[in-house]
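Reminder, nothing fancy here: chain letters follow the sequence lines and each chain counts from 1. Values below: all heavy atoms of this structure, side chains included; hydrogens, waters and symmetry mates excluded.
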2 protein chains.
Amino acid sequence: MRYAYNVYEDRCPTRLVLDRLADKWALLILDRLEDGPVRFNHLRRDIKAISQKVLSQTLKKLERDGLVTRTVYPTVPVTVEYALTPLGRALAETAAALTHWAEHNMDAILAAQAAYDAAVMER
Amino acid sequence: MRYAYNVYEDRCPTRLVLDRLADKWALLILDRLEDGPVRFNHLRRDIKAISQKVLSQTLKKLERDGLVTRTVYPTVPVTVEYALTPLGRALAETAAALTHWAEHNMDAILAAQAAYDAAVMER
DNA sequence: AAACATGGTTTCCAATGGATACTGAGGAGA
DNA sequence: TCTCCTCAGTATCCATTGGAAACCATGTTT
């Protein structure tokens with residue numbers, strides 16, 4: 001065994017982390033922050049169809065995990081900027097591989113789904 | 001734009017794929033299948049705390065997406081083997097990066113959580 | 001005075017997730 | 001023979017989660 005942790009084990013803390021990272025919205029947020037800090041409502045507009053509640057909740061969890069920072073500027077109205085920490089940046093690169101894989105291999109997956117559904121229909 | 005798809009867009013099919021891949025259990029299954037075919041109950045035992053229902057459902061979705069194959073051997077009792085397709089293998093390598101990142105960076109995340117919780121307490 | 005911006009919280013309902021029990025065919029052990 | 005065990009799943013129920021929409025405070029613009 002190379003690491004002290006084993007994600008196959010129940011009750012291993014890595015399971016908690018995997019739970020966090022295996023989240024569509026968290027991956028999209030991390031990906032979106034790679035180019036630099038972004039404000040709350042800007043994220044909301046960029047990541048289509050995310051709700052305010054889920055965005056807020058997800059950002060809080062990412063902040064707690066030390067993956068993003070939250071900075072408040074006392075402007076009027078208040079400005080809140082979210083940015084990646086070094087740890088978050090490392091993860092974002094890994095996460096980007098997943099989202100980009102999805103974009104890249106979409107056609108193959110759609111074809112597989114169509115074939116599967118056709119096979120189920122004629123069964 | 002490099003690809004025809006954009007995961008930030010609502011209603012883009014990549015969102016469906018991301019939804020599928022951003023799933024703790026799917027990632028663990030793909031990871032577990034990297035070393036070769038595995039039977040249903042073997043997966044169930046290896047991936048601690050997964051329920052039969054969720055394992056069954058997740059495998060079906062992965063099969064529909066063309067990421068795993070399901071092969072039935074008419075033994076007694078019946079043997080069902082799950083294996084990665086070439087497409088699934090490519091994804092498993094990407095997914096492995098995530099699970100291994102979780103194992104690797106666990107200590108930093110636990111420390112961040114403790115610091116965050118302490119800050120919240122004294123606030 | 002009404003509308004819009006900021007960054008959220010609250011509320012409600014539908015969908016999802018997990019725990020548990022059950023199936024059913026066949027083999028092994030008592 | 002009777003009971004238990006294995007295989008690979010379904011079926012059922014309840015708690016948690018997710019998303020839609022309304023609401024909040026503060027301040028600027030029209």
Side-chain angles (χ1 to χ4, degrees), chain A residues 8-12 15-29 32-33 37-64 68-83 116 120 123, chain B residues 7-12 15-29 32-33 37-65 68-83 116 120 123:
Chain A
Y8 290 116
E9 286 301 323
D10 185 21
R11 311 186 59 167
C12 177
R15 275 285 180 89
L16 298 175
V17 176
L18 191 60
D19 237 340
R20 176 80 19 86
L21 306 185
D23 171 2
K24 177 178 59 172
W25 300 122
L27 292 180
L28 284 172
I29 291 171
R32 184 61 192 78
L33 289 179
V38 183
R39 283 178 297 123
F40 185 87
N41 276 333
H42 202 151
L43 280 172
R44 190 157 84 88
R45 277 189 294 267
D46 283 358
I47 301 173
K48 310 294 190 203
I50 192 171
S51 74
Q52 286 184 305
K53 185 181 104 176
V54 171
L55 178 56
S56 170
Q57 286 175 343
T58 307
L59 284 169
K60 251 181 213 149
K61 292 174 188 170
L62 291 173
E63 189 192 357
R64 177 167 184 266
V68 309
T69 57
R70 179 178 181 275
T71 312
V72 180
Y73 298 98
T75 56
V76 163
V78 65
T79 299
V80 180
E81 235 179 40
Y82 291 92
Y116 181 94
V120 167
R123 183 170 48 83
Chain B
V7 81
Y8 290 116
E9 286 301 321
D10 186 21
R11 313 186 58 167
C12 177
R15 274 286 180 89
L16 298 176
V17 176
L18 191 59
D19 238 341
R20 177 80 19 86
L21 306 185
D23 171 5
K24 177 177 60 173
W25 301 122
L27 293 180
L28 284 171
I29 291 171
R32 184 62 194 77
L33 290 179
V38 182
R39 283 176 296 121
F40 185 88
N41 276 335
H42 203 150
L43 280 172
R44 189 157 86 86
R45 277 189 294 267
D46 283 358
I47 301 172
K48 309 294 191 206
I50 192 170
S51 74
Q52 287 182 306
K53 185 182 108 179
V54 171
L55 178 56
S56 171
Q57 286 175 344
T58 307
L59 284 169
K60 252 181 211 145
K61 291 175 189 171
L62 290 173
E63 189 193 357
R64 177 167 183 265
D65 288 344
V68 309
T69 57
R70 178 179 180 275
T71 312
V72 180
Y73 298 99
T75 54
V76 162
V78 64
T79 300
V80 179
E81 233 178 42
Y82 291 92
Y116 181 95
V120 167
R123 184 169 46 84

Protein-nucleotides 12-17 of chain D N/O pairs closer than 3.5 Å?
none

Give a yes/no on whether any side-chain N or O of Trp25(B) is located under 4.0 angstrom from OP1 or OP2 of dG17(C). no
Taken in chain and number order and not counting sequence neighbours, the residues that satisfy side chain to side chain donor-acceptor pair (under 3.5 Å) with Arg70(B) are Tyr82(B)
Indicate every side-chain donor-acceptor pair of residues 37-44 of chain B with a distance under 3.5 Å to a residue at least two apart or in another chain.
unit_1   : atom_1 : unit_2   : atom_2 : d
Asn41(B) : OD1    : Arg44(B) : NE     : 3.3

How would you list, by chain and number, every residue that makes a salt bridge (charged side-chain N to carboxylate O under 4.0 Å, His left out) with Arg20(A), sequence neighbours excluded? Asp65(A)
Would you mind reading off the distance between Arg45(A) atom CZ and dT6(C) atom C1', rounded to a whole angstrom? 10 Å
Ignoring hydrogens and angles, write down the donor-acceptor pairs under 3.5 Å from the side chains of residues 21-29 of chain A, residues two or more places apart or on other chains.
unit_1   : atom_1 : unit_2   : atom_2 : d
Asp23(A) : OD1    : Trp25(A) : N      : 2.9
Lys24(A) : NZ     : Asp19(B) : OD2    : 3.3

Angle, rounded to 10°, between the helical axes spanning five pairs at each terminus of the helix from dA1(C)-dT30(D) to dA30(C)-dT1(D)? 20°
Set of residues satisfying side chain to side chain donor-acceptor pair (under 3.5 Å) with respect to Tyr8(B), sequence neighbours excluded: Asp31(A)
For Lys61(A), check side chain to side chain donor-acceptor pair (under 3.5 Å) against everything at least two apart and list the hits. none
Taking the side chain of Ser51(B) as heavy atoms from C-beta outward, which of dT10(D), dG19(D), dG18(C) is closest to it? dG18(C)
Pick base, sugar-phosphate or nothing for Tyr73(A), based on heavy-atom distances below 4.0 Å to the nucleic acid. nothing
Please compare Asp23(A) and Arg70(B) by the position of their nearest nucleotide in DNA chain D and report the one closer to 5'. Arg70(B)
N/O donor-acceptor pairs under 3.5 Å from side chains in residues 50-59 of chain B, not counting sequence neighbours:
unit_1   : atom_1 : unit_2   : atom_2 : d
Ser51(B) : OG     : Val54(B) : N      : 3.2
Thr58(B) : OG1    : Val54(B) : O      : 2.6

Arg39(A) side-chain proximity, nearest of dT6(C), dA20(D), dT9(C): dT6(C)
Would you say Lys48(A) places a side-chain N or O within less than 4.0 Å of OP1 or OP2 belonging to dG19(D)? no
Quick test: give all pairs of protein nitrogen or oxygen and nucleotides 22-26 of chain D nitrogen or oxygen below 3.5 Å, distance rounded to 0.1 Å.
none

Closest listed nucleotide, where the reference is the side chain of Val54(B) and the choices are dG19(D), dG9(D), dG18(C): dG18(C)
Compare every heavy atom of Lys48(B) with every heavy atom of Glu9(A), then report the nearest pair and how far apart it is. OE2-CE, 3.5 Å
Residues at least two apart in sequence or cross-chain that pass side chain to side chain donor-acceptor pair (under 3.5 Å) with Arg64(A), listed by chain then number, are Asp117(B)
